[in-house]
There are 2 protein chains.
Amino acid sequence: MSLVLPSSGRRVPCEQCPLRAMPSFRAFESQELRFVSSFKTGELVAETGTTLLAEGNNSVHLYTLLSGWAFRYKTLPDGRRQILNYMLPGDLVGLQGSIIGEMQHSVEALSPLVLCVFQRNRLTELFSNHPGLAFDITWLAAQEERMLDDHLLSLGRRNAVERAAYLIAFLYQRAASVGLSGANALYLPITQMHVADTLGLSIVHTNKTLRKLADRKLIRWLDRSCEVLDVEGLMQAAEWEGPLERKRPLI
Amino acid sequence: MSLVLPSSGRRVPCEQCPLRAMPSFRAFESQELRFVSSFKTGELVAETGTTLLAEGNNSVHLYTLLSGWAFRYKTLPDGRRQILNYMLPGDLVGLQGSIIGEMQHSVEALSPLVLCVFQRNRLTELFSNHPGLAFDITWLAAQEERMLDDHLLSLGRRNAVERAAYLIAFLYQRAASVGLSGANALYLPITQMHVADTLGLSIVHTNKTLRKLADRKLIRWLDRSCEVLDVEGLMQAAEWEGPLERKRPLI
DNA sequence: CGGCGGTTTGATCGGAGTCAACCATGGTGG
DNA sequence: CCACCATGGTTGACTCCGATCAAACCGCCG
């Protein structure tokens with residue numbers, strides 16, 4: 001369940017990182033790339049269900065997700081869980097902990113993962129010698145903040161159907177931007193439990209809500225995953241304009 | 001209503017900033033302080049109700065709030081509003097816009113404000129020459145992210161009473177940390193409309209919810225403001241452990 | 001074969017929204 | 001001076017969205 005396999009050493013050199021080649025990532029200077037390459041100490045493979053980082057924990061690593069899906073969440077003392085955001089390839093994992101010092105949320109794998117492992121103590125060096133990368137990290141933090149803003153708007157002011165539509169459209173867009181959409185269908189590796197805990201709804205009501213979206217031919221729910229049929233329709237149902245796309249950095 | 005008075009020039013030199021003297025802010029190197037001082041171009045005074053920054057706007061300034069209260073919000077196309085967070089003295093205003101390039105939320109003054117105005121185009125210089133300050137900015141962004149996480153947990157998984165209790169306790173703690181609590185009472189300059197738009201509730205239900213907190217002697221609601229009587233009680237009602245206090249930077 | 005996680009559906013309950021008054025305050029202009 | 005109105009707060013009646021309870025189904029795996 002929460003077993004983390006030991007690092008199996010470097011497999012993907014940063015210079016030939018398949019992610020970096022994608023159009024949504026900005027080009028790096030060779031010296032930046034060299035630093036990132038040296039910053040990376042290895043790779044970590046984790047299986048579905050693994051808890052990568054736990055709330056309250058202090059000895060935190062800093063990772064970049066290379067492949068797979070994960071999610072961030074917090075819980076109340078009595079066990080109620082709220083999913084805060086999802087993590088896709090290219091996302092930094094554990095940044096908050098690295099910056100503030102203590103992990104305030106947990107991270108769990110939704111699929112088998114491969115992560116690049118970084119040396120947290122060299123973060124100061126990064127800030128000192130690579131202002132461009134430092135800015136990138138701040139950029140990523142600001143981007144995460146923006147996503148949380150949107151999610152907050154959703155929880156506070158959208159009803160169940162709108163929320164579900166927003167969430168699925170949002171995940172679709174994010175997945176598409178890292179090349180995870182074959183044709184125009186996309187399978188999200190999540191259960192209705194995850195949807196419920198993201199939207200702040202009960203599982204039962206989530207099921208009925210997703211049914212409505214399915215009846216409107218916007219999605220199809222498969223076992224343990226969700227197929228997106230009509231993103232435009234979802235965005236319209238959520239009154240959502242869509243993300244603003246920028247070239248993003250990849251640490 | 002949305003009038004912004006022109007900058008009335010420098011009044012408070014950074015070296016003698018009254019905020020900086022407070023125990024919750026970390027000490028700065030003299031060269032850092034010198035840069036911040038040169039980074040600041042002047043001060044801006046805004047009256048209650050002023051919209052400082054508007055969603056979608058691109059020509060964004062970067063400020064630090066010197067005194068007063070403000071809040072960040074987003075709206076759906078049909079007008080529903082969600083307040084995302086509040087801003088107190090020492091908070092950066094407009095960082096997201098400076099980093100990403102376009103403002104994704106609006107900012108409005110809850111009281112008369114004084115802001116330090118910074119030159120956004122010198123942000124690159126800050127990152128290049130003052131890694132410590134660059135780290136501070138990232139720290140502040142991570143901190144904001146943490147607050148949003150908490151707020152998200154609240155909207156998703158707490159009921160009305162718990163949400164209200166959490167919000168008021170949260171604002172109390174933040175205000176206290178910048179010296180805004182005389183004795184143990186504190187007046188929050190917000191209307192029930194603000195509370196409603198923060199908690200994702202209707203005004204009517206917000207009123208009834210605050211009434212419950214008042215009946216339990218946790219708060220007292222005055223006209224256009226809220227007096228906190230029992231923070232511990234509020235935190236308990238919200239199942240909230242309280243913030244983790246760290247020395248914070250002041251740009 | 002049984003059990004379990006994930007999904008589905010129906011019945012009922014309750015928390016929060018909506019509608020509709022009403023009051024207190026304070027600022028406005030005749 | 002007062003009539004007028006806008007803003008913010010308060011309260012009650014009724015409605016409805018989403019929670020809770022309950023039961024069953026399905027595919028999978030030990």
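Proteins get letters first, then strands, A, B, ... in listed order; numbering begins at 1 in each.
- Rounded to whole Å, the distance from CZ on A/R224 to P on C/dT8 is 12 Å.
- One atom, CE of B/M193, and another, P of D/dT10, lie 16 Å apart when rounded to the nearest Å.
- In this structure, a donor-acceptor pair under 3.5 Å is present between the side chains of A/N207 and A/Q192.
- In this entry the distance linking NZ of B/K212 with P of D/dT11 reads 13 Å, nearest Å.
- With hydrogens and angles disregarded, no donor-acceptor distance shorter than 3.5 Å links the side chain of A/T50 to the backbone of A/L52.
- Between B/L199 atom CG and C/dG15 atom C1' the separation is 15 Å, expressed in whole Å.
- In this structure, the CG atom of B/L210 is 12 Å from the C1' atom of D/dT10, given to the nearest Å.
- Put simply, the side chain of B/R158 gets close to the backbone of B/A238: a donor and an acceptor are under 3.5 Å apart.
- OP1 or OP2 of D/dT11 sits under 4.0 Å from a side-chain N or O of B/R211.
- Put simply, B/Q192 has no side-chain N or O that comes within less than 4.0 Å of OP1 or OP2 on D/dT7.
- A donor atom on one side chain and an acceptor atom on the other are not found under 3.5 Å apart for A/D197 and A/Q82.
- In terms of position on DNA chain C, the residue among A/T191 and A/R157 whose nearest nucleotide sits closer to the 5' end is A/T191.
- Rounded to an integer number of Å, the gap from CD1 of A/I219 to C1' of C/dT7 is 13 Å.
- Put simply, CG on B/L188 is 12 Å from P on D/dG9, counting in whole angstrom units.
- Not one side-chain nitrogen or oxygen of A/N207 sits closer than 4.0 Å to the OP1 or OP2 atom of C/dT7.
- Looking at which nucleotide of DNA chain D each of B/L222 and A/S202 is closest to, the 5′-most match is held by B/L222.
- You'll find that the side chain of A/V204 is closest to C/dG10, out of D/dG18, D/dG8, C/dG10.
- Other residues, nucleotides and ligands contribute at most 12 non-hydrogen atoms within 6.0 Å of the CD atom of B/Q236.
- In the set D/dG8, C/dT7, D/dG18, C/dT7 carries the atom at the smallest distance from any side-chain atom of A/W221.
- Positionally, the nearest nucleotide of DNA chain C for A/D223 lies more toward the 5' end than for the other of A/D223 and A/K208.
- Across the protein-nucleic acid pair, A/R220 atom CZ and C/dT7 atom P stand 16 Å apart, rounded to whole Å.
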